[in-house]
Amino acid sequence: MKKDRGFATKSIHTGQEPDPLTGAVTVPIYATSTYVQEEIGKHKGYEYARVSNPTRTRLEQNLAALEGGSSSHVFASGMAAINAMCTMLKAGDHLICSHNVYGGVPRLFDQILSNYGLEFTYVDTSEIGAVDRAIKRNTKIAYVETPTNPLMTLSDIAAISRICRRRGVELVVDNTFLSPYFQQPIRLGADMVIHSTTKFLNGHSDGLGGVVVCTKAEQAEKLAFIQKSAGAILSPFECWLVLRGVKTLSVRMQQHDRNGRAVAAFLNKHKKVKKVYYPGLPDHPQHQLAKQQMTGFGSMITFETGSLKNANKMLRKLRVCTLGESLGGVETLISHPATMTHAALGEKGRKAIGITDGMVRISVGIEDVEDLFEDLDQGLAAI
Ligand SMILES: *Cc1c(COP(=O)(O)O)cnc(C)c1O
């Protein structure tokens, strides 16, 4: 058997083969809503663009290969992908979710999907026993985000997958924070992987998108049916942006990781910073697990400034780091979880999982790291 190609080679070539029609080296954007049929029922495999589009097909092949899945299905946003995954469930089914996940996830679960008879339980999935205890007769899915947003807590994917397998539950992992370059949940036993492609996979902060990567034919069939029936698919142009972005995923992630480690060390030494949350720091409570299940620590860092006032004083001063929601772009993005990504949780909800008003989350970009040090230093001086 032919040896599996390396990650960077796959990101550049899988699904990204030259166009058979013209030889175009770059996958074309097929801007079409429909396809000609030679006679009734005779076509080239494409009938209508909600069902399938060649640009989308190429991206789906690429992302399936990068995550080591059997197929992947792209949607209009990360939330649309998560929503599509949930519509594989039926009324009466139960889903276990990490208690500290992307803020939009509990909003979707509790304010929309719970109206359709789906049941949700939030547990601290960093504690393996909590997952085991939360499984009920109607539990179908365990949904885990690792590292979590913004507390950078890890869940042991391999250990949770063993419990899930034993109890007939599928494990879904949101791998957005690390990308398949640094973490491969399917290799560790996950049944499906989710990404907001908006983040590292696209990497240039210029388009929304989401993907569900799966491992079984029946999942693929259901997801393709959901794409066709519910229609929240990714447009050919956005697919093309991700195809382009993903070609440089390896080099971007390497630089994100180098800068991430350096900025975490810088913040950790800084007098004005009270605490740093980054799995690459030896004093992170799950540093060993990070080294075990991740091949890099990435560039997501959260740190404590002490108060909302301090956070604001600092954020107003920044000139290189961009204040805004989102993450995973080449530019350093900095955000305030309590008022931005996790505002929907409410004060009580945030307190319950340990998100404070003084927390600042940084998605370290790939700029010259000295410029980031200087910018953060002058920002922190305002505290
Ligand atoms: C951004 C994000 C999402 C949601 O993705 P959108 O593309 O914004 O809809 C889900 N999970 C994580 C971890 C995210 O960072």
Side-chain angles (χ1 to χ4, degrees), residues 59 63 67 72-87 95 97-113 122 125-126 141 143-155 157 172-183 185 190 192-213 230 232-235 237-239 241-242 245-246 253 256 260 277 279 294 298-302 324-329 332-337 340-345 353 355 359 361-365:
L59 176 62
L63 298 181
E67 282 289 357
S72 89
H73 305 266
V74 292
F75 295 89
S77 69
M79 288 315 304
I82 296 166
N83 185 59
M85 182 275 293
C86 289
T87 60
L95 182 150
C97 181
S98 296
H99 72 167
N100 164 217
V101 284
Y102 180 74
V105 172
R107 182 172 55 202
L108 170 71
F109 290 175
D110 299 341
Q111 296 185 48
I112 299 179
L113 297 179
Y122 298 90
T125 54
S126 70
I141 284 176
Y143 182 88
V144 169
E145 192 178 307
T146 179
T148 62
N149 184 11
L151 294 167
M152 303 307 293
T153 307
L154 310 190
S155 294
I157 299 172
V172 180
V173 176
D174 183 333
N175 200 24
T176 299
F177 267 34
L178 288 171
S179 91
Y181 187 74
F182 284 138
Q183 181 166 272
M192 285 185 270
V193 170
I194 300 255
H195 279 276
S196 164
T197 65
T198 312
K199 317 294 168 55
F200 289 101
L201 290 178
N202 182 321
H204 294 75
S205 307
D206 52 12
L208 289 185
V211 64
V212 184
V213 184
I233 44 107
L234 194 61
S235 79
F237 177 64
E238 315 272 356
C239 287
L241 284 176
V242 182
V246 91
M253 292 314 290
H256 277 299
Y277 301 79
M294 298 152 43
S299 65
M300 300 304 301
I301 303 167
T302 296
E325 298 202 12
S326 201
L327 58 109
T332 296
L333 284 164
I334 198 157
S335 71
H336 183 248
M340 295 162 86
T341 48
H342 290 70
L345 279 186
I353 57 174
I355 299 175
M359 272 181 186
R361 190 197 72 186
I362 179 165
S363 164
V364 181

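Note that ligands are numbered from 1 as they come in the structure, with each ligand's atoms numbered from 1 the same way. Values reported hereafter were calculated over all heavy atoms of this structure, with side chains retained and with hydrogens, waters and symmetry mates removed. Along the sequence shown, residues carry numbers from 1.
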Sub-4.0 Å atoms of ligand 1 with respect to non-hydrogen atoms of T198: 7 (O)

Close N or O approach (G78, ligand 1; < 3.5 Å): yes

Within-cut-off N or O pair, N149 and ligand 1, under 3.5 Å: no

Sub-4.0 Å heavy-atom contact, V105 with ligand 1: no

Atoms in ligand 1 flagged as close to L327, the criterion being non-hydrogen separation under 4.0 Å: 15 (O)

Per atom 11 (N) of ligand 1, closest listed option by heavy atom (T176, T146, D174): D174

Per-residue contact class, V101 against ligand 1 - non-hydrogen pairs under 4.0 Å: neither

Side chain to side chain, V212 and S72, heavy atoms closer than 4.5 Å: no

Sub-4.0 Å atoms of ligand 1 with respect to non-hydrogen atoms of E145: 13 (C)

Donor-acceptor pair between S155 and T125 side chains, under 3.5 angstrom: yes

OG on S205 to NZ on K199, rounded to 0.5 Å: 10.0 Å

Taking atom 9 (O) of ligand 1 as the reference point, the nearest protein heavy atom with its distance: M79 N, 2.9 Å

Interatomic spacing from CG in L95 to CZ in F109 - rounded to 0.5 Å: 5.0 Å

Donor-acceptor pair, side chain of H73 and main chain of V213, under 3.5 angstrom: no

Approximate separation, where rounding is to 0.5 Å, of Q183 CD and N175 CG: 5.0 Å

Closest approach of any protein heavy atom to atom 8 (O) of ligand 1, naming residue and atom: Y102 OH, 3.9 Å

Point-to-point distance, once rounded to the nearest 0.5 Å, from CZ of R361 to CG of L327: 5.0 Å

Side-chain touch P337/L151, heavy atoms, less than 4.5 angstrom: no

Any G209 heavy atom less than 4.0 Å to ligand 1: yes

Side-chain touch V211/I194, heavy atoms, less than 4.5 angstrom: no

S196, any N or O under 3.5 Å of ligand 1 N or O: yes

Taking atom 14 (C) of ligand 1 as the reference point, the nearest protein heavy atom with its distance: K199 NZ, 3.0 Å

